[in-house]
Amino acid sequence: QIDDLAEVDYSLSSSPAVFRPFIDLDLKGVVFPAGNYAGSPYVAASFTIPDQSDSMLYLAFSEYFFQTSSFAYYTAGAFNMTIAEETCSYFSINTEIFGSIIPEVAKYSVTPYPVMLKLMSTEIPIISLQQDSFMLEIQGSMEVLAILPDSTTQPLFTLNIAANTSISLNIFDQKLMGSLCLNR
């Protein structure tokens with residue numbers, strides 16, 4: 001169990017190879033939605049780790065591991081969230097702010113109402129490994145709703161979003177650090 005949303009199955013994909021200076025363990029790690037191990041829609045490709053002997057432990061993750069992780073969390077709904085003033089104290093926007101940017105919202109709402117954002121991933125995020133980073137492509141939508149005085153909501157508009165980011169990982173002061181770059 002990783003968390004409430006996902007579990008991991010890691011098993012040997014071949015018999016351990018024991019050599020005098022090292023042991024080679026090939027594990028196949030599959031991440032799946034918690035309580036729903038129905039197999040993966042992805043096919044694991046084999047890969048090799050470059051032969052180096054200057055470290056005590058080598059650990060490698062394939063795209064397959066990240067793809068199954070993305071699938072599991074997408075299936076569990078982890079990429080869907082609602083942001084409202086109650087859930088985020090530093091987030092305070094209202095229809096008046098959107099009205100200054102989008103004239104149709106200003107016509108609809110003369111009185112400023114609080115706004116709720118519903119963010120949803122519309123497709124399984126795609127993760128691909130690169131030479132010194134990995135790429136994350138995510139497609140989703142954001143629905144903006146006005147919260148009316150009687151606590152009902154009124155949809156204002158929906159945005160479709162496609163983002164392509166690259167993430168580089170580095171070790172600084174014995175800490176794993178990441179840098180995120182929005183490509184488009």
Side-chain angles (χ1 to χ4, degrees), residues 1-14 25-47 49 57-93 114-130 133-147 151-183:
Q1 184 92 22
I2 297 172
D3 55 24
D4 292 341
L5 303 176
E7 297 178 22
V8 64
D9 174 26
Y10 49 91
S11 55
L12 285 171
S13 59
S14 62
L25 296 173
D26 292 331
L27 298 173
K28 179 181 178 183
V30 180
V31 180
F32 56 94
N36 186 18
Y37 185 72
S40 169
Y42 303 102
V43 177
S46 63
F47 68 97
I49 299 174
L57 175 69
Y58 289 97
L59 185 62
F61 293 93
S62 67
E63 280 186 2
Y64 178 77
F65 178 79
F66 292 108
Q67 290 167 340
T68 59
S69 298
S70 178
F71 173 74
Y73 281 101
Y74 173 80
T75 303
F79 300 116
N80 300 338
M81 65 181 74
T82 300
I83 301 172
E85 193 171 12
E86 306 86 51
T87 59
C88 191
S89 60
Y90 57 85
F91 181 76
S92 180
I93 59 173
V115 170
M116 177 183 353
L117 305 177
K118 284 189 173 184
L119 301 165
M120 297 157 280
S121 177
T122 56
E123 292 183 21
I124 300 169
I126 298 170
I127 298 172
S128 59
L129 300 177
Q130 306 297 319
S133 65
F134 61 94
M135 303 285 286
L136 171 65
E137 294 180 43
I138 190 162
Q139 294 190 25
S141 68
M142 179 176 73
E143 185 178 8
V144 180
L145 303 110
I147 303 172
S151 298
T152 61
T153 58
Q154 175 67 44
L156 297 174
F157 60 91
T158 301
L159 294 172
N160 291 323
I161 303 164
N164 180 310
T165 62
S166 58
I167 302 164
S168 299
L169 299 175
N170 295 299
I171 297 175
F172 294 109
D173 295 329
Q174 298 181 348
K175 294 179 184 175
L176 182 63
M177 306 289 286
S179 60
L180 177 68
C181 177
L182 180 62
N183 299 330

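The shown structure was predicted, so the numbers you read here are calculated from the model rather than taken from an experiment.
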Any donor-acceptor pair under 3.5 Å from Ser133 side chain to Gln130 backbone: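 Answer holds: no.
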
Donor-acceptor under 3.5 Å (Thr75 side chain, Phe71 main chain): yes

Met135 and its side-chain contact (heavy atoms from CB on, under 4.5 Å) partner, picked from Asn183, Ile127, Thr165: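 Only one option passes, and that is Asn183.
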
Residue of the set Thr153, Ile83, Leu156 for which side-chain contact (heavy atoms from CB on, under 4.5 Å) holds with Met116: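 Single pass found, and it is Thr153.
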
Atom [atom1] of [X] and atom [atom2] of [Y]: how far apart are they, to the nearest 0.5 Å?
| X | Y | atom1 | atom2 | result |
| --- | --- | --- | --- | --- |
| Leu119 | Met81 | CG | CE | 6.0 Å |
| Met120 | Thr82 | CE | OG1 | 8.0 Å |
| Phe61 | Ser69 | CZ | OG | 9.0 Å |
| Phe134 | Glu63 | CZ | CD | 11.0 Å |
| Ser179 | Ile167 | OG | CD1 | 9.0 Å |
| Ser168 | Met177 | OG | CE | 13.0 Å |

Provide the closest heavy-atom pair for [X] versus [Y] in the form atom of the first, atom of the second, distance.
| X | Y | result |
| --- | --- | --- |
| Glu7 | Ala34 | OE2-CA, 3.6 Å |
| Pro155 | Glu143 | CB-OE2, 3.9 Å |
| Ser62 | Leu129 | C-CD1, 3.8 Å |
| Leu5 | Ala78 | CD1-CB, 3.6 Å |

Quick one: are [X] and [Y] in side-chain contact, heavy atoms under 4.5 Å?
| X | Y | result |
| --- | --- | --- |
| Met142 | Ile161 | yes |
| Lys118 | Leu145 | yes |
| Tyr73 | Ile2 | yes |
| Tyr64 | Val30 | yes |
| Pro125 | Leu136 | yes |
| Ser141 | Leu159 | no |

Asp3 atom CG, over 12 foreign heavy atoms within 6.0 Å: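 Atom CG in Asp3 is packed in, count exceeds 12.
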
From CA spacing to verdict: side-chain contact (heavy atoms from CB on, under 4.5 Å), Ile138, Ser121: CA-CA 7 Å; Ile138 190 162; Ser121 177; 4.1 Å; yes

Donor-acceptor side-chain pairing of Asn80 and Tyr74 below 3.5 angstrom: no

